[in-house]
There are 2 protein chains.
Amino acid sequence: MSLKYAVIGTGAIGGYYGGKLANAGQDVHFLFHSDYGYVKENGLRLDSVNGDFHLKQVNAYNDTSDMPKCDVVLVGLKSTNNHLLKELLPPLLHDTTLVILIQNGLGLEEDLQKTFPGLWITGGLAFICSAKTGEGHISHFDEGRLNIGSYSCPDNSLIEQICNDLMDAGVETKIQNLEQARWMKLVWNIPYNGMTVVMNTDTDKLMNNTGMENLLHEMMLEVIRGGNHAGKGKYSIPESFADEILDTTRKMVPYSPSMKLDYDFKRPLEIEYIYTRPIEEAKNNGYDMIRVNMLEKQLKFIESQYIKK
Amino acid sequence: MSLKYAVIGTGAIGGYYGGKLANAGQDVHFLFHSDYGYVKENGLRLDSVNGDFHLKQVNAYNDTSDMPKCDVVLVGLKSTNNHLLKELLPPLLHDTTLVILIQNGLGLEEDLQKTFPGLWITGGLAFICSAKTGEGHISHFDEGRLNIGSYSCPDNSLIEQICNDLMDAGVETKIQNLEQARWMKLVWNIPYNGMTVVMNTDTDKLMNNTGMENLLHEMMLEVIRGGNHAGKGKYSIPESFADEILDTTRKMVPYSPSMKLDYDFKRPLEIEYIYTRPIEEAKNNGYDMIRVNMLEKQLKFIESQYIKK
């Protein structure tokens, strides 16, 4: 039996993975915000390093109450908008709907579960360089993997089926331990997202400065140690993982991470889930991520200069 | 017997202290760079919160080889220009000339002594908010103290005479242990100079952000601990000094420190003496100033984006 998919937040992330699934023939229903009218008329374009395509007919909606109940909900919202899920999700849910939070950071599933105690939740870790580059237009520059880890999904076969659908759609994927996977993702996200904002630059320029590269490496080690403390022995991320991340990034195209784009467009920054929660989690388990803490405070200051709360 | 003074680097610092001495009737000889012609014709203006004055006749030079030998040389150069002292100083020196490096940072006297082994050297610690605001025009906004500490001056009475001259000229001053005084000055300079550059803001906006204020405080504690390690028991800066500095700064006018002005005008930053040397000195004595180190690397990155070395 094939799955019915919903995508909430059809931007760089939701637009890419939902678009790939739809292009492979899956039944996908997309929630749009500002692009709704445009996509309704013109469809959704995806320009990808792996081949461009144009979905001329898209199941597009601008209100989840018009959408069908679905088996899987991909959430590609900015985590700064997760408070909206309380209103957005209910129309899409049946008894065994699985929600996949394809977002960066830590503590996202925990917070959502508090709002929806019985909901099946998994996390999605996107390793991708993509951006919304126009109305109904997603551009994909590099990478593309989506790893999935269960938070509270009792049905492994459902997760396996989603992985198969993704792989059939040309998306590399695997199932991972969620907590470890989220921390491993943070080893990239914490240094690069924040430092490109504070230094107002891209990944490439950071990597071409020896002192900065050393600092990024030190910060990665902090995240690895923080993650291992938080894991309490359930897993162990090796410190050599920092070198792998540096190597991967060195080979990437010069890139502005999502937080840098948010900063450029003067949008709220995802500081809470990418910085504050991991800092708290590590600290509660006996490890003080000093450099990450400093970066968090710098980011909060920068955001406070253009967003008055 | 009255002293003959020279001022090398007649900007915000040299212009202020040299100007005050000259205005009080001392014999002061000023080296100018770009302002030479203007000052020769129009004199030197000092607008001060303690009263404005205009020195119509100034002993102005644009080459130290035209200047008389002096008893005291006040150096107000940026430390990034200290390599020039090798050429600038010799014409001014007699056997017992005392050079006062009124500069921020650590290791300045040590480096100068290597170039001039027999030279009498002291350090000057300026607690002042001032700026060069136009040709031959210095503006003084707040504070104004100048503390002095000997590095290699065998004649204490000379230092005392200079202090008396300064006090007669309306400059508050006292004699201090140089190493301790330099570290105490760094407790202000390290957080505020660097952070106003990295955050592209002024002291006031930093202080109005709670997280940033906490970070500045943590960084001050690092500097105090670094300084106390470097002092090896010869002195002890109390950690409560950080609170004093925060209080003082809270009461100051919103201010862009010298490094922020250097950044705004795309000039070299005084990273070497204000960051690199203190970091090394603390580390060599067993203390790692982690936050200061991170700030240093951020500053070096920022400077590298507009100055190619």
Side-chain angles (χ1 to χ4, degrees), chain A residues 190-192 194-223 225-226 254 260 263 266 269 271-272 275-276 279-280 283 287-309, chain B residues 190-192 194-223 225-226 254 260 263 266 269 271-272 275-276 279-280 283 287-309:
Chain A
I190 283 181
Y192 291 107
M195 207 61 91
T196 51
V197 170
V198 173
M199 298 288 97
N200 194 22
T201 191
D202 63 24
T203 54
D204 186 54
K205 291 207 180 64
L206 294 180
M207 295 299 283
N208 280 325
N209 181 283
T210 309
M212 185 50 70
E213 198 184 351
N214 290 339
L215 175 57
L216 294 168
H217 183 244
E218 288 167 344
M219 207 172 286
M220 287 174 193
L221 292 180
E222 272 191 9
V223 181
R225 288 166 195 165
K260 175 59 162 58
Y263 168 70
K266 300 288 168 268
L269 305 180
I271 300 171
E272 169 72 16
Y275 293 89
T276 313
I279 288 167
E280 285 172 5
K283 187 143 200 173
Y287 186 74
D288 192 4
M289 300 195 292
I290 295 176
R291 296 170 185 84
V292 178
N293 214 308
M294 175 159 161
L295 189 55
E296 183 220 23
K297 285 170 179 161
Q298 292 182 322
L299 289 169
K300 283 189 173 173
F301 176 81
I302 287 172
E303 192 195 43
S304 76
Q305 297 307 293
Y306 65 85
I307 296 181
K308 304 294 173 193
K309 287 183 178 173
Chain B
I190 282 181
Y192 291 108
M195 208 61 89
T196 52
V197 171
V198 173
M199 297 288 97
N200 194 22
T201 192
D202 63 24
T203 54
D204 186 54
K205 290 207 180 64
L206 293 180
M207 296 299 283
N208 280 325
N209 181 282
T210 308
M212 185 52 68
E213 197 183 352
N214 289 339
L215 175 58
L216 294 167
H217 182 244
E218 287 167 346
M219 207 173 286
M220 287 173 192
L221 291 180
E222 272 189 9
V223 180
R225 288 165 195 166
K260 176 58 163 59
Y263 168 70
K266 299 287 166 272
L269 305 179
I271 300 171
E272 170 73 16
Y275 293 89
T276 313
I279 288 167
E280 284 172 6
K283 186 142 199 174
Y287 186 74
D288 192 3
M289 301 195 292
I290 295 176
R291 295 170 185 84
V292 178
N293 213 306
M294 177 159 159
L295 189 56
E296 182 219 23
K297 284 171 180 162
Q298 292 183 321
L299 290 168
K300 282 190 174 173
F301 177 81
I302 287 172
E303 192 194 44
S304 76
Q305 298 306 294
Y306 64 86
I307 296 182
K308 305 294 172 190
K309 288 184 178 169

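All chains are named by letter (A, B, ...) in the order of the sequence lines, taking the proteins before the strands, and each is independently numbered beginning at 1. None of these values were measured; they are calculated from a predicted model. Below, each value reflects all heavy atoms present in this structure, side chains not excepted, and no hydrogens, waters or symmetry copies.
- Neither the backbone nor the side chain of Thr210(A) comes within less than 4.5 Å of any heavy atom of chain B.
- Checking side-chain atoms of Tyr275(A) against main-chain N and O of Gly194(A) turns up a donor-acceptor pair under 3.5 Å.
- Ranked by heavy-atom pairs under 4.5 Å with chain A, the list Leu206(B), Asn214(B), Asn200(B) is led by Leu206(B).
- Interface remark: of the candidates Met212(B), Met195(B), Met294(B), Glu218(B), Met294(B) forms the most heavy-atom pairs closer than 4.5 Å to chain A.
- Neither the backbone nor the side chain of Glu296(A) comes within contact range of chain B; no heavy atoms are under 4.5 Å apart.
- To the nearest 0.5 Å, atom CD1 of residue Ile302(B) and atom CD1 of residue Ile307(B) are 12.0 Å apart.
- The greatest number of non-hydrogen atom pairs below 4.5 Å with chain A, out of Gln298(B), Arg291(B), Lys300(B), is found for Gln298(B).
- Remark: Lys283(A) is not positioned above the aromatic ring of Tyr287(A), lacking an NZ or CZ atom under 6.0 angstrom from the ring centre and at most 45 degrees off the axis.
- With rounding to the nearest 0.5 Å, the separation of CG in Asn208(A) from OG1 in Thr203(A) is 9.5 Å.
- Between Met219(B) and Tyr192(B), every side-chain heavy-atom pair lies at or beyond the 4.5 Å cut-off.
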